[in-house]
Amino acid sequence: MSDKAYNVAIAGATGAVGGAMLDVLTRRDFPIKELRLLASERSVGKKLQFRGQDIEVQLLSEDAFTDIDVALFSAGATRSLDFAPAAAKAGAVVVDNSSAYRMDPEIPLVVPEVNGDAISQYTNRGIIANPNCSTIQMMVALKPILDKVGIKRIVVSTYQAVSGSGASAIAELQQQAEDYAAGKEMTSSVYPHQILFNCLPHIDSFLENGYTKEEMKMVNETRKIFADDSIGVTATTVRVPVFYGHSESVNIETNSKITAAEVRDLLADAPGVKLVDDPTNNKYPLATDCAGDFATLVGRVREDESIANGINMWVVSDNILKGAALNAVQIAEAFVAKYK
Ligand code: 25A
Ligand code: L14
């Protein structure tokens with residue numbers, strides 16, 4: 001990175017992901033000249049701390065992006081559709097965390113460790129899309145295997161934390177736990193059912209094909225990021241009563257044979273991956289261990305004995321960090337390093 005400093009805006013700064021963006025910018029020492037915090041009317045005037053300074057939240061509006069170099073968006077798809085084009089028009093490059101633009105063929109969908117080169121397509125619309133959290137961590141774990149032996153098919157089941165649905169869902173799980181402990185009746189408003197002590201096979205809305213949108217994001221985004229529409233992907237996404245950290249059971253069929261030991265060797269050196277695979281000593285990736293960690297944890301690597309060329313693994317990452325805020329900041333870093 002050059003020794004320049006940049007004007008950065010965060011749209012949705014008061015949310016679960018926006019707050020993590022502030023943290024990640026600090027932890028990675030992103031070179032910032034001005035940081036502008038944007039949110040809805042509800043939060044205007046509220047002060048957030050950044051590098052020991054109070055910064056007042058301003059209204060997210062079309063005029064909020066004057067002189068901004070990089071705008072990190074995490075205020076939901078509707079806000080991205082409403083305001084990202086104006087930010088781009090004002091000269092900012094938008095890194096958008098929502099699903100609004102991910103499958104737009106003109107807009108790059110980027111996991112820096114996997115397809116960082118696609119950032120060059122920012123010139124098309126001034127927008128770079130951040131993939132879905134569950135997709136990102138799977139890409140980080142599979143990329144070394146894809147490069148080595150090719151992947152024919154992926155079967156993935158997810159166990160997703162409530163923080164993915166934002167601050168209100170974190171509060172809902174917390175409240176249900178408190179109500180349970182106090183012997184009170186539990187209520188649900190973010191999710192259609194109680195999430196405490198439960199597993200909901202329902203993330204985002206249902207589609208006509210019987211899958212959820214979240215499941216089809218994993219299918220379509222994987223193919224776009226790996227730039228290969230021939231890869232078969234099928235997903236079942238499940239919400240579990242965990243605050244931070246998505247876990248995934250990933251089963252792949254490769255084009256040619258690779259042993260579990262070879263996969264472990266590859267992953268031990270893979271960018272963004274931490275191999276945690278010592279089951280006899282009870283060491284495997286856990287959501288409770290990934291919270292706050294920038295790495296994607298991979299373990300339980302084993303051969304699928306039901307087919308000739310298959311591998312199973314367990315992949316865990318902090319959905320708010322690598323799944324959202326960290327990946328967005330990494331995209332911003334790669335962008336300014338090369339193009340600004
Ligand atoms: O709109 P959608 O598409 O349905 O999606 C929005 C959801 O996506 C989450 C986000 O949760 C939100 O729930 N989200 C975004 N990116 C994500 C990702 N990559 C993601 N989830 C997972 N992975 P959130 O709570 O973390 O962030 C919400 C942020 O968006 C700002 N915002 C909302 N509407 C806005 C807006 N900003 C500008 N204009 C608008 N119209 C929001 O700011 C927050 O920063 P805020 O000021 O509206 O909220 C401040 C606090 O208020 C709480 N809150 C949220 N909704 C309500 C509420 N309080 C009262 N009533 C409400 N209806 C929030 O918890 C926040 O702390
Ligand atoms: O598409 O509720 O990035 O866990 C990711 C989190 C959609 C909602 C996305 C959740 C969001 C999802």
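For clarity, every value in this text was computed on a predicted model and none was experimentally measured. In each ligand, atom 1 is the first atom listed, and ligand 1 is the first ligand listed.
- A cation-pi arrangement is found for Arg27 relative to Phe294, the charged atom lying closer than 6.0 Å to the ring centre and inside a 45° cone about the ring normal.
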Check your understanding: Glu214 and Lys217: salt bridge (Lys or Arg N to Asp or Glu O under 4.0 Å), yes or no, with the steps?
Key -> CA-CA 5 Å; Glu214 185 79 351; Lys217 285 176 219 165; 2.8 Å; yes
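- Taking distance alone, with nitrogen or oxygen atoms compared against 3.5 Å, Ser99 stays at or beyond that limit from ligand 2.
- The ligand atoms of ligand 2 that sit less than 4.0 angstrom from a heavy atom of Ser165 are 2 (O), 4 (O), 10 (C).
- Close contacts between ligand 2 and Asn132 involve ligand atoms 1 (O), 3 (O), 5 (C), 9 (C) [criterion: under 4.0 Å to a heavy atom].
- In summary, the aromatic rings of Phe73 and Phe83 are positioned with their centroids too far apart to meet the 6.0 Å limit.
- In Arg102, the part holding a heavy atom less than 4.0 Å from any atom of ligand 2 is the side chain.
- For Arg239, a nitrogen or oxygen atom sits less than 3.5 Å from a nitrogen or oxygen atom of ligand 2, counting backbone and side chain alike.
- Ligand 2 places these atoms under 4.0 Å from at least one heavy atom of Cys133: 5 (C), 6 (C).
- Under 3.5 Å, the side chains of Ser256 and Asn309 contain no donor-acceptor pair of N or O atoms.
- Residues Tyr211 and Thr236 have side chains that never bring a donor and an acceptor to within less than 3.5 angstrom of each other.
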